[in-house]
Amino acid sequence: MSALAKVATCNLNQWAMDFKGNLARILESIREAKAQGCTFRTGPELEITGYGCEDFFLENDTFLHSWDSLAEVLRSGVTDGILCDIGMPVKHRNVPYNCRVICLNGRIVGIRPKFYLANDGNYREMRYFTPWFIDPSSPGFGEIEQYWLPVRIQEITKQTTVPMGVFAVSALDTVVSFETCEELFTPNAPHIQLSLDGVEIIANGSGSHHQLRKLDKRIDLVRGATAKAGGVYLYANMKGCDGGRLYFDGCAMIWVNGGLVAQGSQFLGLDEVEVVVATVNLSDVRAERSSFIARSYQASSSPTVHRVEVPFRLCSPQPLALTPSPLIKPRIHDPMEEIAYGPSGWLWDYLRRSGLRGYFLPLSGGADSSSTATLVAIMCQRVVDELRSGTERSKEQVLADIRKITRRPDYTPKDAKDLCGKLFVTCYMASQYSGQETRSRAAMLAEEIGAVHTSIFIDDICKSIRETFTKIHFHSTTNLPPKEKLKTEPKMTGGTWMENIALQNIQARSRMVMSFFLSQLMPWATDGDDSRGGMLLVLGSANVDEALRGYYTKYDCSAADINPIGGINKRDLKNFLEWAGKHKGISVLQRVADAKPSAELTGAEGEQSDEVDMGMSYDELGDLGYCRKVEKCGPLSAFLKLRTKWADRQLTPSIRATGDKAPKTQDEQVAQKVKDFYFYNAINRHKMTTLTPSYHAENYSPDDNRFDLRPFLQCATFDEQFAAIDKAVKDAAACQAPEAKRARTG
C-alpha cells in the first residue's frame, strides 16, 4: 500500500516587526493547511518577526515579543493534529540564533538553529545572529543541547526544556528534517547528509528576495536536492515588501525525487497568505533511493542525525482516498514580466503600509519617469484585478487598503484608471529647454493610465535663484579680487563649464523642491484633505546605470521617497516599455522607447543626449558595472575581460581623452573607456550616500546603504591601476606586431 502524506508550504507577506499582523497570517496559513487535510506545514524564515528587522534583532524586546507570538500559536490549538515548522529568533545562553521552532499538538518538539548564515550581498545575518556551532572534526551535526523554555511557554506546554540543535523529527511513519534558506545554497548542503541518513521530507524556510533572472537558479538547487538524493523537499518564502529595499518573491514549491508537484506564485496575486499543498508518495521516495545502489552504499556508512521521536503519523490511514499530486513544469516569468510585477507589488505594499495618500511623480516624458509611471499603472491594474478575482480574504483586505489610502470609506474603484486617478499625481516640470515632444508624451501617458496630470514652469524659480546670487555680499575682503572683478552672473551659453553645470543643477534641484512641495499639497488642493497623513509619496526615476556613472544631480528629482526602477538598467527599461505598450494597453510607451534619452537641461530632446554627455553608452555602462560588482574586477581585470568582449564593438568617444589624446586602437579605446568609468564612479561615489531607497533588481546595484559598500571619498587617479592597464595595452600591441608582420610576408 502506498504511503501518502498531504503536506503544505506557503508564501506569506510578512512585515518587519508587525507582530500582530505576522501572527494572524501564520495562524491563517496553518488553519488553511489543516482545512486541506495536511499533516505538515512549513513557513518562511523568521516569519514571526519578518525577515528584514535588521538592528531590531539586536534588541531583547524582539525576542520577547517573538515568544509572545509563539505562545498564541501554541495556545490557539491550531497545531493540534499538524506538525508545524515556524521561523523565529531565539536566544540560547545569551546567544542569538536564527531558528526553526517545531510544534505539534500545542507543544514544542524542538528548536533547530541555522548554522550557515547569509552574510553577503544584501544579507548581514552575522550582524544579528551567531551560526550554530558544529565541530568540523566530528561527523554529523553535533550534539543536542537542552533549551530552557520561558516560564509563560512552560505554563502552556507543560514542558521545562526542549531539544535544541540539528535533529530530525522521527514520526511513526516517516522522518522529517529542516534546512534554512542559505543552507540550501552551500556546496555541502545539509540535505545531502540528511537524505543519506533516511530523512524523507526536508523543509526549507527561506527569506529570498527577487533579483532579475534569478529564480531558475533557486529552482535548479531545489530540483537537484531531490533529483540526486531522492526525497520530498518543501520550500517556503516571504512574498512582498517587508519594509526595505528587497521584494521577497515567494514561489513556494514542493518537489519529489527531482520532479515539481506544486508551485506558488512568484508575484501574481495580492493575497497575503498563499498556501501551497501537495499529496506526496513516500513509497516513491523509498523505491527511488533503494534502487540507487551507489547511494545506498554511501547511506550505509553515513553519520546519523539525532532523532526526536513523536507519536504522530504524517501519512493518511486511508491512502486510497488520496491521489498523489502529478508532476508539473516550473513556471518562470519572462524578465519583462519580472520588471512589471516585482516593483509594482513592492509599490503596493509600501503605499498601503505607509499610511499616506498615494504617489507623486515628476513625469518628464522620458524613458525613466515613464517606466515609473507605468509601474504605478500596473499596480492599479493588479489591485483592481484582485478585487475581481482574488480570494474572499484578499478582496476584503485589498478593498480595506484602497479605502484607507484614498480616505474614501465607501469607495470601490470602477477600473484601474479610476483607481489611478485617486492615488497618482504626475507633473510635467517644464523649463525654457523643454521640448514639445516630451510634454506631449507625458500628457498622453498620464491620460492613458488615468493619473491626475499637472504641469508647471520652473523658469521663475531658476531666475530667482540666479538673481539672488547676483546680490551676494562678500563680507570678507581677504584674498579676494577687487569688487568689480567678482563674477556673479553665470551664463548657460558662452560661459565656462562650471557656470553651465551650475545652471543645469539649479533646474534639477528646483524640480526636487517642487516635487516635495506639490506632494504635500496636491491632496489638499484636489480633495480638501488636510489630515496629517494626507500627502503623497514622491517617486524617483533614476536607473542603475546612471547611478553607477554618477550622471545625475545630487539632491535633484532623483531624490525621492522611494524609487521602483533604481535597480534596473536602461536596456531592460527600454525593453520593458515596449513590452508594457503591447501587453498593458499603453500605446504611447512605444514612442517613449523610441526616443533618444535626454536630460533637457541645455536643450530640447535631440539637442542634448545622455550618452554624449556621459561619454559612454548605456550598454557599455551595463558591462562595466557587471565587471566591477558581479565579477569583482578592478580596473585592470575589467580591461582584460572587456578587451575580449568588446573586440568587435564600436565604442562611444571618450569625453576625457579627445583630440590628439584620443585613443586609436581598439585596445586603447577599451582601456580609456575603463579608465573613464572608474574615474567617474570614484568622483561621484559621494552621491551614492544619498541615493533614494530603490527596489533591488540588479546584482550590480551601486546602493551604498547595504549592497555595495565602498568609501565615498576615493582616489580617482588610480595611478597604479591605470599604469597597469597602459602596460597591458603595450604588451598586447607588442604581441600582435610580429603576427601582423608574418601575415604581410607570409
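The first residue of the sequence shown is numbered 1, and numbering continues consecutively from there. Only heavy atoms go into these numbers, but all of them, side chains included; no hydrogens, no water, no symmetry mates.
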Visitor: Give me the ring orientation class for Tyr123 and His209: parallel if the planes are under 30° apart, tilted from 30 to 60°, perpendicular past 60°.
Guide: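 Correct class here is tilted.
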Visitor: By side chain to side chain contact (heavy atoms under 4.5 Å, CB included), which residues pair with Pro362, not counting sequence neighbours?
Guide: Phe360, Met429, Ser515, Cys557
Visitor: Step through the shown structure and confirm whether more than 12 heavy atoms of other residues, nucleotides or ligands are within 6.0 Å of CD on Glu447.
Guide: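 Not buried by this count: 12 neighbours or fewer within 6.0 Å.
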Visitor: So do the side chains of Ser510 and Ile506 get within less than 4.5 Å of each other, counting heavy atoms only?
Guide: yes
Visitor: Under 3.5 Å, is there a donor-acceptor pair between the side chain of Ser694 and the main chain of Thr692?
Guide: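 Present.
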Visitor: Are Asp572 and Arg213 close enough for a salt bridge, meaning some N to O gap below 4.0 Å?
Guide: yes
Visitor: Sequence neighbours excluded and cut-off under 3.5 Å, please list the side-chain donor-acceptor pairs for residues 243-253, or say none.
Guide:
residue : atom : partner : partner atom : Å
Arg245  : NE   : Asp703  : OD2          : 3.4
Arg245  : NH1  : Asn705  : OD1          : 3.3
Asp249  : OD1  : Arg218  : NH1          : 3.2
Asp249  : OD1  : Arg218  : NH2          : 2.8
Asp249  : OD2  : Arg218  : NH2          : 3.3
Asp249  : OD2  : Gln266  : NE2          : 2.8

Visitor: For Ile501, check side chain to side chain contact (heavy atoms under 4.5 Å, CB included) against everything at least two apart and list the hits.
Guide: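 By the side chain to side chain contact (heavy atoms under 4.5 Å, CB included) rule, Ile501 matches Trp497, Met498, Gln504, Asn505.
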Visitor: CD of Glu274 to OG1 of Thr391: how many Å apart, nearest 0.5 Å?
Guide: 10.0 Å
Visitor: Only pairs at least two apart or in different chains count here, so list each salt bridge (charged side-chain N to carboxylate O under 4.0 Å, His left out) that has a residue in residues 339-349.
Guide: Asp349-Arg352
Visitor: Give a yes-or-no answer on whether the side chains of Asp18 and Gln14 include a donor-acceptor pair shorter than 3.5 Å.
Guide: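 On atom types as modelled, these side chains do not qualify, holding no pair under 3.5 Å.
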Visitor: Please check if the side chain of Glu448 supplies one atom and the backbone of Ser587 the other of a donor-acceptor pair under 3.5 Å.
Guide: yes
Visitor: Go through the steps to decide whether Val513 and Arg509 satisfy the test side chain to side chain contact (heavy atoms under 4.5 Å, CB included), and finish with yes or no.
Guide: CA-CA 6 Å; Val513 172; Arg509 291 185 174 123; 5.7 Å; no
Visitor: So Tyr51 and Asn237, side chain to side chain donor-acceptor pair (under 3.5 Å) or not? Walk me through it.
Guide: CA-CA 10 Å; Tyr51 182 84; Asn237 197 12; over 6 Å; no
Visitor: Which heavy atom of Asp242 sits nearest a heavy atom of Trp15, and at what distance?
Guide: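 Smallest heavy-atom distance, with atoms named: O-CD1, 3.2 Å.
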Visitor: Kindly write out the residues that satisfy salt bridge (Lys or Arg N to Asp or Glu O under 4.0 Å) with Asp545, not counting sequence neighbours, or none if the list is empty.
Guide: none
Visitor: Pro413 and side-chain contact (heavy atoms from CB on, under 4.5 Å): which partner among Thr406, Val383, Leu387?
Guide: Leu387
Visitor: Once the angle between the rings of Phe267 and His210 is folded into 0 to 90°, is it parallel (under 30°), tilted (30 to 60°) or perpendicular (over 60°)?
Guide: perpendicular
Visitor: Does one side chain, of Tyr359 or Ser519, offer a donor that lies under 3.5 Å from an acceptor on the other?
Guide: no
Visitor: What distance do Leu347 atom CG and Arg382 atom CZ have between them, rounded to the nearest 0.5 Å?
Guide: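 With rounding to 0.5 Å, CG (Leu347) is 10.0 Å from CZ (Arg382).
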Visitor: Please check if the side chain of Arg439 supplies one atom and the backbone of Tyr428 the other of a donor-acceptor pair under 3.5 Å.
Guide: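 It does not hold such a pair.
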Visitor: Give every residue pair that meets the salt bridge (charged side-chain N to carboxylate O under 4.0 Å, His left out) criterion with at least one member in residues 575-592, sequence neighbours excluded.
Guide: Glu437-Arg591
Visitor: For the pair Asp527 and Arg357, find out whether any cationic side-chain nitrogen is under 4.0 Å from an anionic carboxylate oxygen.
Guide: yes
Visitor: Calculate, to the nearest 0.5 Å, the distance between atoms CG and CD1 belonging to Leu260 and Ile219 respectively.
Guide: 7.5 Å
Visitor: Looking at Arg393 and Gly390, would you say the former's side chain and the latter's main chain have a donor-acceptor pair under 3.5 Å?
Guide: no
Visitor: For residues 552-563, pull every pair meeting salt bridge (charged side-chain N to carboxylate O under 4.0 Å, His left out), keeping only residues two or more places apart or in separate chains.
Guide: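 Listed once each, the pairs would be none.
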Visitor: Measure the spacing between NZ of Lys329 and CD of Gln263 and express it to the nearest 0.5 Å.
Guide: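 It comes to 13.0 Å.
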Visitor: State which residues pass side chain to side chain contact (heavy atoms under 4.5 Å, CB included) with Lys629; sequence neighbours excluded, sorted by chain then number.
Guide: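 For Lys629, the residues satisfying side chain to side chain contact (heavy atoms under 4.5 Å, CB included) (neighbours in sequence not counted) are Tyr700, Phe707, Asp708, Arg710.
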Visitor: Determine whether Val544 and His696 make a side-chain contact, defined as any pair of heavy atoms from C-beta on separated by less than 4.5 Å.
Guide: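 Contact flag for Val544/His696 side chains = no.
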Visitor: When you measure from the side chain of Glu546 to the backbone N and O of Tyr618, does any donor-acceptor pair fall under 3.5 Å?
Guide: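 No, because the side chain of Glu546 does not come within donor-acceptor range (under 3.5 Å) of the backbone of Tyr618.
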Visitor: Picking from Arg571, Arg628, Lys673, Arg643, what satisfies salt bridge (Lys or Arg N to Asp or Glu O under 4.0 Å) with Asp623?
Guide: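 The single option meeting the salt bridge (Lys or Arg N to Asp or Glu O under 4.0 Å) with Asp623 is Arg571.
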Visitor: Is the Lys NZ or Arg CZ of Arg685 less than 6.0 Å from the centre of Phe712's six-membered ring, within 45° of the axis?
Guide: no
Visitor: What distance do Tyr551 atom OH and Asp613 atom CG have between them, rounded to the nearest 0.5 Å?
Guide: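 Answer rounded to 0.5 Å: 3.5 Å.
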Visitor: List the atom of Trp255, the atom of Pro330, and the distance in Å for their closest heavy-atom pair.
Guide: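 What the structure gives for the nearest pair is CH2-CG, 4.1 Å.
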Visitor: Are the side chain of Lys632 and the backbone of Val630 linked by a donor-acceptor contact shorter than 3.5 Å?
Guide: yes
Visitor: Heavy atoms only: give me the nearest Ile655-Asp676 pair and the separation to one decimal.
Guide: N-OD2, 4.4 Å
Visitor: Return yes if a side-chain donor-acceptor contact under 3.5 Å exists between Ser394 and Glu386, otherwise no.
Guide: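 Their side chains do contain a donor-acceptor pair, which is all the 3.5 Å distance test asks for.
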Visitor: Side chains of Glu698 and Tyr626 only: does a donor on one sit below 3.5 Å from an acceptor on the other?
Guide: no
Visitor: Can you name the salt bridge (Lys or Arg N to Asp or Glu O under 4.0 Å) partners of Asp368, sequence neighbours left out?
Guide: Lys570
Visitor: What residues form a salt bridge (Lys or Arg N to Asp or Glu O under 4.0 Å) with Asp385, not counting sequence neighbours?
Guide: none
Visitor: For Ser206 and Tyr235, test the side chains for any donor-to-acceptor distance below 3.5 angstrom and give the result as yes or no.
Guide: yes
Visitor: Measuring from atom CE of Met688 to atom CG of Leu709, what distance do you get when rounded to the nearest 0.5 angstrom?
Guide: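 Interatomic distance, Met688 CE to Leu709 CG, rounded to 0.5 Å: 13.5 Å.
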Visitor: We want to know whether Glu611 and Thr652 form a side-chain donor-acceptor pair, criterion being a heavy-atom distance below 3.5 angstrom.
Guide: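 No, because no side-chain N or O of Glu611 sits under 3.5 Å from a partner of the opposite role on Thr652.
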Visitor: Test of understanding: with salt bridge (Lys or Arg N to Asp or Glu O under 4.0 Å), list the residues that count as partners of Glu54, not counting sequence neighbours.
Guide: Arg706
Visitor: Would you call the rings of Trp346 and Tyr350 parallel, tilted or perpendicular, taking 30° and 60° as the class edges?
Guide: tilted
Visitor: Show your reasoning for whether side chain to side chain contact (heavy atoms under 4.5 Å, CB included) applies to Asn681 and Arg549.
Guide: CA-CA 5 Å; Asn681 181 264; Arg549 169 60 172 73; over 6 Å; no
Visitor: List the residues meeting side chain to side chain contact (heavy atoms under 4.5 Å, CB included) with Met535, not counting sequence neighbours, and say none if there are none.
Guide: Leu356, Gln520
Visitor: Any luck finding a side-chain donor-acceptor pair between Arg331 and Ser265 under 3.5 Å?
Guide: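 On atom types as modelled, these side chains do not qualify, holding no pair under 3.5 Å.
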Visitor: Between the side chains of Ser369 and Ser364, does any donor sit under 3.5 Å from an acceptor?
Guide: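 There is such a pair between these side chains.
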